[in-house]
Amino acid sequence: MGTKLYIKTYGCQMNEYDSDKTVDILKEKKGVEVTNDIKEADIILLNTCSIRDKAEAKVYSELGRLNKLKEKKPNLKIGVGGCVATQEGKNIQKRAPYVDLIYGPQTLHRVSDLLDANKSKGIKAIDITFPIEEKFDSLPEPSSGGPSSYVAIMEGCSKYCSFCVVPYTRGDEVSRKPEQIFDEVARLAEQGVSEITFIGQNVNSYKMPYGDRILRLSDLIEIVSHIDGIDRIRYTTSHPLDMTDDLIEVYQFVPQLVSQLHLPVQSGSNKILEKMKRNYTVDVFLNAVDKIKSHRPDLRVSSDFIVGFPGETSKDFNDTMDLVNEIKFDSSFSFIYSKRPGTPASKLEDKTSMDEKKERLNILQSQLNKHHKDHSENMVGSIQRCLVTGLAKKRPDQLQARTECNRVVNFDLKNIGFIGKLVDINIDEALSYSLLGTLHNPRG
Ligand code: SAH
Ligand code: F3S
């Protein structure tokens, strides 16, 4: 029987991508098989996240549980990767000495070597450095798990928003070589992938030389739109400051680029944006959205919000609500500010009570939910171009597809040959988390 790997992933889409790559590397180098049953695992990896909450404490309590498994199975290898690993580093060795390997988001490609070092020398292998280019160079052959795939185009972040740990846990921003990106997209397209999502912490600050040109995100989008089989292009996450005119213009002439944009605004108050070191005003955000809408009137915008940032008054919060009502954001994320160790904002005085913050989050979330529901209901009766992603989760007689705004649409199964294809669907009904539709006419 082969070595069994159990990997638990917390946090953002970068972590999901990193976990997929870790699995691919360990399959290639160690012939591991992935298991969903933790009890039968020979290697357990936690790919951790430290963006909010008491992330460190949660990891230590999870490790405590894993130690019980290790007591029964001494050959079990336990590894901690991801952002908590970078942040805690050697502390993990001290507090959880049974952990065998500690690696960061930028050293996951060395996991196999770390396992070897641990085995042959019996050492606790630890590597939480930031060799980002080496990571990109040693990623395994891309493999698709369906018609839609992530493609990392950059790593890390150099924006240093005052509340955020990412620049410290993932390192400064590094863009990936264009050749590697084009190669990966082409290989995925050959495997039948028709939708790609460029991912990174801040994809719209992408910048890399290519021949005698400097390529930006707009160029990557334009170039991959010519790769055969690529019908849809998304990107996430982007920063309002980097919504440059070239990127806005690309909406005009690349139809594969979806009319959906995730653009985290965080707050609708200029005073709070300044304290957050976001380096833009609400007007800059509105202006970028307006300009894209001049090319794509049907653009849907989703966002991230933080409520209860230190110094946020009820007037500041009301400014956020005004912005929410003006843009009518689609599927968005909202969080109560969480003090992160080592960040500049952690030193700011914070007088707002937790009850008040929870109240603000409730008000914000119910309005965001209302807009989400309104958008879904407004789609009833329309024809939406959707990418067929597979069989419906609960009804094997139905297929599942996704709209440009990424809503799930279930429709009666006509032909599984539609999987991976774009089809037009009449939207008949809006449910809370999905839509129901009927095939209009097959495309592609
Ligand atoms: N560009 C990144 C943003 C990373 S964090 C990306 O890839 O998504 C995702 C979201 O978490 C941020 O947009 C912000 O809204 C939220 N967030 C980050 N740090 C936070 C903190 N200290 N407290 C609360 N929310 C936070
Ligand atoms: Fe974090 Fe701001 Fe970068 S939210 S990931 S420091 S853009």
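Read the numbers this way: they start at 1 and go in the same order the structure lists the ligands and their atoms. Counting begins at 1 with the first residue of the sequence.
Contact annotation: the side chain of K177 never approaches that of F136 to less than 4.5 Å [non-hydrogen atoms, C-beta and beyond].
Under 4.0 Å from ligand 1, not a single heavy atom of T343 appears. Counting heavy atoms closer than 4.0 Å to ligand 1, residue K339 contributes nothing at all. At a heavy-atom cutoff of 4.0 Å, ligand 2 is contacted by no atom of P264, backbone or side chain. The part of Y160 lying near ligand 2 is the backbone, judged by heavy-atom distances below 4.0 Å.
Under the 3.5 Å distance criterion, with hydrogens and angles disregarded, a donor-acceptor pair is assigned to the side chains of H371 and N325. For the residue pair T9 and N15, no side-chain donor N or O sits within less than 3.5 Å of a side-chain acceptor on the partner. If you check the side chains of S259 and R296, you find a donor sitting under 3.5 Å from an acceptor. Under the 3.5 Å distance criterion, with hydrogens and angles disregarded, a donor-acceptor pair is assigned to the side chains of H262 and S302. Under 3.5 Å, the side chains of Q365 and S334 contain a donor-acceptor pair of N or O atoms. Residues S269 and D319 bring no donor and acceptor atom of their side chains to less than 3.5 Å of each other. Donor-acceptor pairing under 3.5 Å is recorded for the side chains of D246 and T244. No hydrogens or angles considered: nothing links the side chains of T22 and D24 as a donor-acceptor pair under 3.5 Å. Looking only at atom types and distance, the side chain of Q266 has no donor-acceptor partner in the side chain of D304 under 3.5 Å away. A side-chain donor-acceptor contact under 3.5 Å links S376 and R407. Between N91 and E56, the side chains place no donor N or O within less than 3.5 Å of an acceptor N or O (distance only, hydrogens not considered).
Summary of contacts: the protein heavy atom closest to atom 10 (C) of ligand 1 is D304 OD2, 3.4 Å. Looking at atom 20 (C) of ligand 1, its nearest protein heavy atom turns out to be F163 CD1, 3.6 Å. In terms of protein heavy atoms, atom 21 (C) of ligand 1 is closest to S338 O, 3.6 Å. Of all protein heavy atoms, the one closest to atom 6 (S) of ligand 2 is C161 N, 3.4 Å. What sits closest to atom 5 (S) of ligand 1 on the protein, heavy atoms only, is I51 CD1, 3.4 Å. Looking only at heavy atoms of the protein, atom 6 (C) of ligand 1 is closest to T237 OG1, 3.1 Å. For atom 1 (Fe) of ligand 2, the closest non-hydrogen atom of the protein is C164 SG, 2.3 Å. Distance from atom 14 (C) of ligand 1 to its nearest protein heavy atom, with residue and atom name: Q266 OE1, 3.4 Å. Ranking the protein heavy atoms by distance from atom 1 (N) of ligand 1 puts Q201 O, 2.5 Å first.
Taking backbone and side chain together, C157 holds an N, O or S atom under 2.8 Å from atom 3 (Fe) of ligand 2.
Under a cutoff of 6.0 Å and an axis angle of 45°, K58 and Y60 do not form a cation-pi pair. Cation-pi geometry between R234 and F198 is not satisfied (NZ or CZ under 6.0 Å from the ring centre, within 45° of the ring normal).
For ligand 2 and N202, the ligand atoms under 4.0 Å from any heavy atom of the residue are 7 (S). Using a 4.0 Å cut-off to heavy atoms of F163, the atoms of ligand 2 that qualify are 4 (S). Of all the atoms in ligand 2, the ones that sit under 4.0 Å from a non-hydrogen atom of V166 are 5 (S). Residue-ligand proximity, P167 to ligand 2, at heavy-atom distances under 4.0 Å covers atoms 6 (S). Listed by number with element, the atoms of ligand 2 under 4.0 angstrom from any heavy atom of H239 are 7 (S).
Residue I306 places a heavy atom under 4.0 Å from ligand 1. For the pair R278 and ligand 2, a heavy-atom separation below 4.0 Å is found. Heavy-atom separations between I336 and ligand 1 include at least one value shorter than 4.0 Å.
For atom 25 (N) of ligand 1, the candidate residues are R340, M276, R52; the nearest heavy-atom contact is made by R52.
Between Y337 and ligand 1, a contact under 3.5 Å exists for no N or O pair.
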